Protein chains: 4
Amino acid sequence: MAGVAPVRRVSRPRADAVRNRERIVTAAREMFVESGAQVPLDEIARRAGVGNATLYRNFPERDDLVREVVLSLTARITERAVEATEQESDPFEAVRRFTHAAADERVGALCPMLDGDFDKNHPDLLAERSRLEEAVQELVERAQTAGRMRADVGAGDLMIAVSQLTRPLPGTACPSMDRFVHRHLQVLLDGLEAPARSELPGSAATLEGLRRESGCTS
Amino acid sequence: MAGVAPVRRVSRPRADAVRNRERIVTAAREMFVESGAQVPLDEIARRAGVGNATLYRNFPERDDLVREVVLSLTARITERAVEATEQESDPFEAVRRFTHAAADERVGALCPMLDGDFDKNHPDLLAERSRLEEAVQELVERAQTAGRMRADVGAGDLMIAVSQLTRPLPGTACPSMDRFVHRHLQVLLDGLEAPARSELPGSAATLEGLRRESGCTS
Amino acid sequence: MAGVAPVRRVSRPRADAVRNRERIVTAAREMFVESGAQVPLDEIARRAGVGNATLYRNFPERDDLVREVVLSLTARITERAVEATEQESDPFEAVRRFTHAAADERVGALCPMLDGDFDKNHPDLLAERSRLEEAVQELVERAQTAGRMRADVGAGDLMIAVSQLTRPLPGTACPSMDRFVHRHLQVLLDGLEAPARSELPGSAATLEGLRRESGCTS
Amino acid sequence: MAGVAPVRRVSRPRADAVRNRERIVTAAREMFVESGAQVPLDEIARRAGVGNATLYRNFPERDDLVREVVLSLTARITERAVEATEQESDPFEAVRRFTHAAADERVGALCPMLDGDFDKNHPDLLAERSRLEEAVQELVERAQTAGRMRADVGAGDLMIAVSQLTRPLPGTACPSMDRFVHRHLQVLLDGLEAPARSELPGSAATLEGLRRESGCTS
DNA sequence: CATGAATGAGGGTTCATTCAT
DNA sequence: CATGAATGAACCCTCATTCAT
């Protein structure tokens, strides 16, 4: 009867368990973005509507949960970079578009998550970051090659500056802030557009180089 | 006056008490900047070389200590603004100078301190912030009046952008970061220099307006 | 019988269910002996190769599992007592043989299991203990009747002393300990051999009496 | 004014703090003896009448508290050994006396405390154990030299056997047990009295040797 | 006024037990 | 009947804040 073996998946992943996991990650992303990286895990569990131990079953250490959120955010941002490259004909317009899109995806929320003893060299992270790296590098190089973007900055500079400028402000204190973020990005982008108006100290930051030093790329 | 018991002024600010207070504030500033805004107060006391209760005598609640540090940092930054205005002949060069100086004063470290239930409308804060406001406003207006800085940004935009770009990265993980901060500021400044290269969404942020909304100015 | 639906006996004790139960008990005994009485039930289930809920189906409360292990250990020790009585001609040699055999069966591991709210008066336990009681009583009485064992001790004294002397030492810290246990038993046995060298305080402990008081016989 | 410097002890140990520490240790000893080594620290604090954090201030890790109790118990037992040596003319009677006294001091409670990751090689422990070692060794050697105790056992055998025979039974289930303990010790002692009635397997356990292997001496 | 000690309210985590597939 | 997932109570520990010397 070979070939007719019933397709018994080893253990079907139980619909509700999957939903729970997703609800936890969603709640975590929301709360990390809103309230910073120190939100009590119990509150995330409550917001997700599950018991705290369920959270621990899915993410035995706090880092595991943080990493999951970082991964999903990173993936979404990579998508925006690819989109921008593909859909925008002017290469510096692509950089602008990506930058504003990254802000909307809350790229700035990543930084505070990388706190403490978070393992920045976890294989999954490295892999996902490679994809982001490649996508942004592509974006930046095109603009520079076309002479539309100053040549003395790297993809790393762009990512860090954008992340910082879009970092959530403490507490939920400044919802109004969002309105200003895009202004600041626009100013920064104006500073990035060729021709350069001033000289920069140090040398261009590459994502690769940043990763080597600290892993704080994104 | 020999022979007359020295008049005991009602509240003579005993020399050592004053020194203690200063040592506490200094220790707090250092540790907030180095290790983030969550350092245990006991550690600050230890670093200052005083008992924890002494710290509490001077600053009954944690917020009181944080506020003191914020005030002193703010004051130092105001000084830099004044200095830049006075000592730099070109008004946009003054803006550049102030911006880099503010970074060196760790203006970015202010943000993480404003966490939680910190009262951002405390009279002392408002007063100190007024002084900063005035100084930066002056700086910006001069540059704009001289046609050296784009007119569609406000002092609030400058302060927020600079604060964000210089925020410490999580942990002490990225000491290398410091090396890049001034690059990013320089790019931002290039974007601020007249003539404007793009239009900005929203309207210019004034420090006054920001204060009204959220108090997150600095 | 082809074509005829097999008669479903009302409670056929499905072969695999029986095997599961046995595997659980075995795993539990091993882990209790190896790692103490506090091993998480999930680990026992894992070692047994079944899901934790299967364990709970068979043993609704932790105590039910512990009791099963206690019962099986008790039964094995009873067997040793019977063996010793039957196979050893000299009645005190029988006592010696049983004592060392009980040690090898890990009689000492029983004590730590009786912790907490374990119900020491469960009918099954009482029944099994009766059998042990009878067997050891027989062993002891024979030796005493033959004048080979001092008369002022009871079967209860023997059981308790042997259990205590063979209790596992904390952690797995002292594997070397095993080497000494038989020495101590031998000394104890020398003290039990007639004629008595000293007077004993109190009166002989019978298993029956101990059961009445506390159930800690075994 | 040299020589008249006021004797300002660096920090007088505050009477109530000392009392608290003692109350904690006492409560711990009682609860360890009564309920085993796993009693929640919070309960010990409650029994001692202090907040849990006070306990943690005095004993930052659980081990630190356990060690303190072990040290004090060990010291008391050493005292009994010295007493017995000094005050009993017949050297084997001294062994008997010490053995029963050690039981009354709850020497058996030590074993369960040495659980888990307890550091058995802490300097303080080693020191205290050396004193015990010396005292018991002395006691045993005198009896053996006088021909009153069998020569094929060591001080280590005595200590382990006595510890085991007096270990508290699980829970507080068997208060009645205490009544029997001295009977069993008496039997053991009869087995230790010269002349030897049987041969012992293995070789005599010395406290020194035991320490080397596992630290479970007492 | 300065100090070390004390406090109790959480946060992180584990585990016996129950539930849904 | 078997399973993995879910649950909540309880433990350990930290830290802002208060108290006693």
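Note that the coordinates shown come from a computational prediction; the quantities given were computed from them, not determined experimentally. First the proteins, then the strands, lettered A, B, ... as listed; each starts at 1.
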Where do N or O atoms of nucleotides 17-19 of chain F meet protein N or O atoms at under 3.5 Å, pair by pair?
{"residue": "F/dT17", "atom": "OP2", "partner": "B/R62", "partner atom": "N", "Å": "3.1"}

- Please determine which of B/E128, B/R67, B/R29 meets the side chain to side chain donor-acceptor pair (under 3.5 Å) test together with B/S72. B/R29
- Roughly, in whole Å, what's the span from CD1 in C/I44 to C1' in E/dC15? 12 Å
- Task: Can you tell me which stems DNA chain E forms, taking runs of 3 or more consecutive Watson-Crick or G-U pairs with both distances under 3.5 Å?
- Result: E:2-21 with F:2-21
- Query: How many Å lie between CG on D/L65 and C1' on F/dC13, as a whole number?
  - Reply: 14 Å
- For the residue pair B/R47 and B/A27, what are the closest heavy atoms and their distance? CG-CB, 3.5 Å
- Whole Å only: how far is the CZ atom of A/R19 from the P atom of F/dA5? 15 Å
- Query: Can you find a pair of side-chain heavy atoms, one from D/V69 and one from D/L110, that are under 4.5 Å apart?
  - Reply: no
- Task: Taking only the side-chain nitrogens and oxygens of D/T54, find out if one of them lies under 4.0 Å from OP1 or OP2 of E/dT7.
- Result: yes
- Would you say A/T54's side chain and A/V50's backbone share a donor-acceptor pair under 3.5 angstrom? no
- Item | Any side-chain heavy-atom pair of B/N52 and B/L41 under 4.5 Å | no
- Atom-pair distance (CD on B/E43; P on F/dC15), nearest Å: 7 Å
- Item | Shortest non-hydrogen contact between C/G49 and C/R23, atoms and distance | O-NH2, 4.1 Å
- Counting heavy atoms from C-beta on, name the nucleotide in F/dG4, E/dA16, F/dT21 closest to the side chain of A/R57. F/dG4
- Item | Note: A/R106-A/E34 ion pair, threshold 4.0 Å (strictly below) | no
- Report the C-alpha distance between D/E68 and D/D64 in whole Å, list the side-chain angles of each, state the deciding distance to 0.1 Å, and finish with yes or no for side-chain contact (heavy atoms from CB on, under 4.5 Å). CA-CA 6 Å; D/E68 187 72 20; D/D64 297 324; over 6 Å; no
- Message: Measure CZ/A/R46 against P/E/dG10 and give the value in whole Å, please.
- Response: 12 Å
- Query: Rounded to the Å, how far apart are D/N20 CG and E/dG4 C1'?
  - Reply: 13 Å
- Between atom CZ in C/F59 and atom P in E/dA16, what is the gap in whole Å? 15 Å
- Message: Measure CG/A/L55 against P/E/dT13 and give the value in whole Å, please.
- Response: 10 Å
- Report the C-alpha distance between A/L55 and A/D42 in whole Å, list the side-chain angles of each, state the deciding distance to 0.1 Å, and finish with yes or no for side-chain contact (heavy atoms from CB on, under 4.5 Å). CA-CA 9 Å; A/L55 190 156; A/D42 282 18; over 6 Å; no
- Message: Heavy atoms from C-beta onward define the side chain here; which of E/dT7, E/dG12, E/dC1 lies closest to that of D/V50?
- Response: E/dT7
